[in-house]
Amino acid sequence: MTVEDWLKAAVADAERRGIPELKPLLEAIARATQALRAADFTDDAARR
Amino acid sequence: MTIEEFGRAVRAREISAEEITERCLQRIEADNARLNAFILVMGDDARQQARALDRELAAGRDRGPLHGVPVSIKDLIDVRGTPTTAASRVRDGHVAEHDAPAIAHLRQAGAIFIGKTNLHEFAFGTTSEDSAFGPVRNPHDPSRSPGGSSGGSAASVAAGMALATIGTDTGGSIRIPAAACGIVGLKPTYGEVSAEGVVPLSRALDHVGPLTQSVADAFFVHHALQGDHIGATPAPMPLTGVRLAVPRAYFCDLLDDDVRARFEEALGRLRSAGAHVDDIAIHHANDIAPVYLHLTLADAAAYHASTLERMPERYTPNVRLRLETGRYVLAEDYVRALAGRDVLRREVDAALAQHDVLVLPTLPIPAPPIGATSVQVGSRTDSVRNLMLRLTQLFNLTGHPAMSIPAGTTASALPCGVQLVGCRAQTDALLRVALACEAHINPRPAAV
């Protein structure tokens, strides 16, 4: 799942559950997840 | 009065445990309404314990450095017969049946439990503002946060309401409030002090340790928490030849001007006293926050998932929202964060292979105003939470022992802290270096 798809799904779920105020926090996590996935210790099956 | 000073005075019959306990209770009576440091004051129990310990000492039974010392306990840790609220309505009705093992060791060592201290709800925050019992205030400036999550603990020692306190540290929750309140805070090596009987935030990152007025006091309390019987601190070591490593990139990039000035002054004094100071790099430092965030959010969400469903209204709003976000962390990202943690641990180990300790500031900013959500540092504005965790959370990920030592004040008389980090499983070695460095880092203790 891409980070964009994850964020879209998480925000939709939070709204469905009646906690739309989670959106800015989920956006902050999405930025951190992008950084985590871009780190050189993150595995890539095509590379190693 | 430090534990060391009290120890000399009580054995010279210049003061009794009952007298020092009464002094602390008077300070609580005078200041707790203003600072909100305590959730529970155990005055009657404390007086009773003090009288019994005075009788023991008179009869020749000396339990060691903590005999008759009033200590406060973060209200996240079980003390038998009292509620462990975690500063949350979620815990309404809880009463601990047993002491946590660390508390049982302290009781054996002769500590007097004077009360349970306020904190950021479930230790999930750095300011001690979000508490079911209201915000804790900084004794140096009550309009400001004392740091957190062990904010009530730090305020209690800084304000003379206890001679020492026990806190917990998952991302900096001992060291952050220690720095913000101008006292010493020690996070030992991971696993060294039992975290059983402590409400968890992240069991993989939680540590238990002391906040005190001096490094020597931290040494005594740290050993008592483990059930060790230590009579005296190690002999002072000379600073000549001690090898200090400063991780400049990332850790010194974003600092308040006064914090930077106090840090550089402390380094200058350490150099003048004979320490050897090198600059080193933690190459993956920019990955610390993403790694920490994914691990701690998911761990905390797992612990709270059931109560978030059953009683969400009992959490304070900010803590509830942060816990909810953890429920969305993907397993694959959690595994990536575990890989990052291993990399960071190896890098800190490597930095310490050629040095005795790492030296860096504890907090990049002084205590923030209560209610502030962001702070400007130079030309950059960042969230208070990110800034306060920035320099401490790495050592929860890696498990290295780390402590904060007061390092003077800003122009507005707010305390600054310098952090020392030692090799894993060598907390005593860190404390020995800290004993040698303390007077150079903190030449003029800040008055409350």
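Here the structure is a predicted model, which is why all the values come from computation and not from measurement. Every chain is numbered from 1, with letters handed out A, B, ... down the list of sequences.
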If you count the non-hydrogen atoms of other residues, nucleotides and ligands that lie under 6.0 Å from CD in B:E313, is the total more than 12? yes
In terms of heavy-atom contacts, A:W6 and B:Y328 come closest through NE1-O, 2.7 Å
So which atom in B:D287 and which in A:A35 form the shortest heavy-atom distance, rounded to 0.1 Å? OD1-O, 4.4 Å
Chain A heavy atoms under 4.5 Å from [X]: which part of the residue, side chain, backbone, both or neither?
| X | answer |
| --- | --- |
| B:R322 | both |
| B:A289 | neither |
| B:L293 | side chain |

Show your reasoning for whether side chain to side chain contact (heavy atoms under 4.5 Å, CB included) applies to A:F41 and B:V291. CA-CA 11 Å; A:F41 51 75; B:V291 167; 3.9 Å; yes
Atom pair [atom1] ([X]) and [atom2] ([Y]), whose distance is rounded to the nearest 0.5 Å:
| X | Y | atom1 | atom2 | result |
| --- | --- | --- | --- | --- |
| B:D333 | A:T33 | CG | OG1 | 5.0 Å |
| B:E332 | A:D43 | CD | CG | 11.5 Å |
| B:T325 | A:I29 | OG1 | CD1 | 3.5 Å |

Flag the one option from B:A339, B:G340, B:P312 with the top tally of heavy-atom pairs under 4.5 Å to chain A. B:G340
If you check every heavy atom in residues 13-24 of chain A against those of chain B, which residues fall under 4.5 Å?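 A:D13, A:A14, A:R17, A:I19, A:E21, A:L22 fall under the 4.5 Å cut-off.
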